[in-house]
Amino acid sequence: MATKVVDLVYWRRLRRTGVVFTGLVMSLASLFQLSAITVISHICLGVMAVTFTLRLYYKLLELLRWNPGVHPFESYLNHDSSLTDRETVMLVEEVVLMIAFALTEIKRLIFIESVIDSIKFVLLLYLLTYVGVFTSGLTLVITAVIVVFSIPLLYKKNKMRLRRMVRAVKAFVKKIKDLFLSLYHKVRPSSAPEPATKPAPAPAAAPAPKQKAKAK
């Protein structure tokens, strides 16, 4: 599944990616005027109009003895899309782990386990309130779909140019950082020199022993 998604995003199969991208954008754009049930129903009706026409056409050829009774969608019907027991268990475990992780993170942010992380979360929610005023969630979804299908392709075609730009930006940031560091070292007051340590006084010489008085 991941490989198929990557193939779609990088437009490796042009026709399939074009159909998927156009269908997604048109379906999401239709939700501005119609309900989700109406959009899904019309999509299914459009697909069935094509499949039903092809099925009748092949049936007519079969009646005229021009077709040996081949079903036009036999490959799709024979494709086994069911999940094994192991795959079902793995899928359920992944979904449960994702839900549990999301609930744990939300609980950690709401009940202020980390003050810094909770402040970031509050700022994000505050920005989302302004985003909700100027746009809707559906607009954001359409924008995300367009970005997902366009940014990887643009990066693939302009990889070398983008890498040169990133290196130039990194070099500029490093130069600015070095400039501020040099200014900081120049402006910072130099520490007072430490007083020179006085040499320790030499120990006083022991008094010479008194000479014994001469005996008379």
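No hydrogens, no waters, no symmetry mates; every other heavy atom, side chains included, goes into these values. Position 1 is the first residue of the sequence; numbering continues from there. This is a predicted model, so every value here is computed, not measured.
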Discussion item. Does Phe134, at its CZ atom, have more than 12 non-hydrogen atoms belonging to other residues, nucleotides or ligands within less than 6.0 Å?
Written reply: no

Worksheet, complete the sentence: To the nearest 0.5 Å, atom CG of Leu162 lies from atom CZ of Arg167 at 11.0 Å

Practice prompt. Could you grab the distance from atom OG1 of Thr104 to atom CG of Leu109, nearest 0.5 Å is fine?
Written response: 10.5 Å

Worksheet item: Are more than 12 heavy atoms from other residues, nucleotides or ligands located less than 6.0 Å from atom CZ of Arg12?
Response: yes

Worksheet item: For the side chain of Trp11 and the backbone of Phe149, is there at least one donor-acceptor N/O pair under 3.5 Å apart?
Response: yes

Practice prompt. Could you tell me whether the side chain of Tyr10 reaches within less than 4.5 Å of the side chain of Thr17, counting heavy atoms only?
Written response: no

Discussion item. Test of understanding: clusters of I, L, V, M, F, W, Y form through side-chain heavy atoms closer than 4.5 Å, transitively. Do Leu54 and Val47 belong to the same one?
Written reply: no

Discussion item. Would you call the rings of Tyr130 and Tyr126 parallel, tilted or perpendicular, taking 30° and 60° as the class edges?
Written reply: perpendicular

Item to complete: Could you go through the side-chain contact (heavy atoms from CB on, under 4.5 Å) check for Leu56 and Leu60 one step at a time?
Response: CA-CA 6 Å; Leu56 291 178; Leu60 179 62; over 6 Å; no

Discussion item. Just verifying a value: how many Å separate Leu91 CG and Glu93 CD, rounded to the nearest 0.5 Å?
Written reply: 10.0 Å

Discussion item. Membership question, hydrophobic clusters at under 4.5 Å side-chain separation (ILVMFWY): are Ile43 and Leu31 in the same one?
Written reply: yes

Worksheet item: Taking a hydrophobic cluster as the set of Ile, Leu, Val, Met, Phe, Trp and Tyr residues connected by side-chain heavy atoms closer than 4.5 Å, whether directly or through intermediates, do Val25 and Phe32 fall within one such cluster?
Response: yes

Discussion item. One pair to check against side-chain contact (heavy atoms from CB on, under 4.5 Å): Lys174 and Lys170. What are the steps and the verdict?
Written reply: CA-CA 6 Å; Lys174 186 177 182 298; Lys170 287 183 178 180; over 6 Å; no

Discussion item. Testing the basics here: between Thr22 and Gly18, what is the closest heavy-atom pair and its distance to 0.1 Å?
Written reply: OG1-O, 2.7 Å

Worksheet item: More than 12 foreign heavy atoms under 6.0 Å from CZ of Phe73: is that the case here?
Response: yes

Practice prompt. Answer yes or no: does atom CG of Asp85 have more than 12 heavy-atom neighbours from other residues, nucleotides or ligands under 6.0 Å?
Written response: no

Practice prompt. Quick one: pull up CE in Met48 and OG1 in Thr53 and give me the separation to the nearest 0.5 Å.
Written response: 10.5 Å

Worksheet item: Minimum heavy-atom separation for Pro152 to Val147, with atom names?
Response: CD-O, 3.7 Å

Practice prompt. Run through the side-chain heavy atoms of Ile, Leu, Val, Met, Phe, Trp and Tyr, join any pair under 4.5 Å, and report what else lands in Leu123's cluster.
Written response: Ile112, Val115, Ile119

Practice prompt. Look at the side chain of Ser41 and the backbone N and O of Ile37, then say whether any donor-acceptor pair between them is shorter than 3.5 Å.
Written response: yes

Fill in: ILVMFWY cluster, Leu34 and Val141 together (side-chain gap under 4.5 Å)
yes

Discussion item. My understanding is that a hydrophobic cluster links ILVMFWY residues whose side chain heavy atoms are under 4.5 Å apart, including indirect links. Using that, what else belongs to the cluster containing Met90?
Written reply: none

Response to the item:
Residue set satisfying salt bridge (charged side-chain N to carboxylate O under 4.0 Å, His left out) with Glu105, at least two apart, ordered chain then number -> Arg108

Item to complete: Any chance you could lay out the side-chain contact (heavy atoms from CB on, under 4.5 Å) test for Leu140 and Val131, step after step, and finish with the verdict?
Response: CA-CA 10 Å; Leu140 294 178; Val131 172; 4.0 Å; yes

Response to the item:
Heavy-atom closest pair (Leu138 atom, Leu28 atom, distance to 0.1 Å) is CD2-O, 3.5 Å

Worksheet item: Counting only heavy atoms not in Phe21, do more than 12 fall under 6.0 Å of its CZ?
Response: yes

Worksheet item: Hey, quick one: are Ile151 and Val148 part of the same hydrophobic cluster, counting side-chain heavy atoms closer than 4.5 Å, chains of contacts allowed?
Response: no

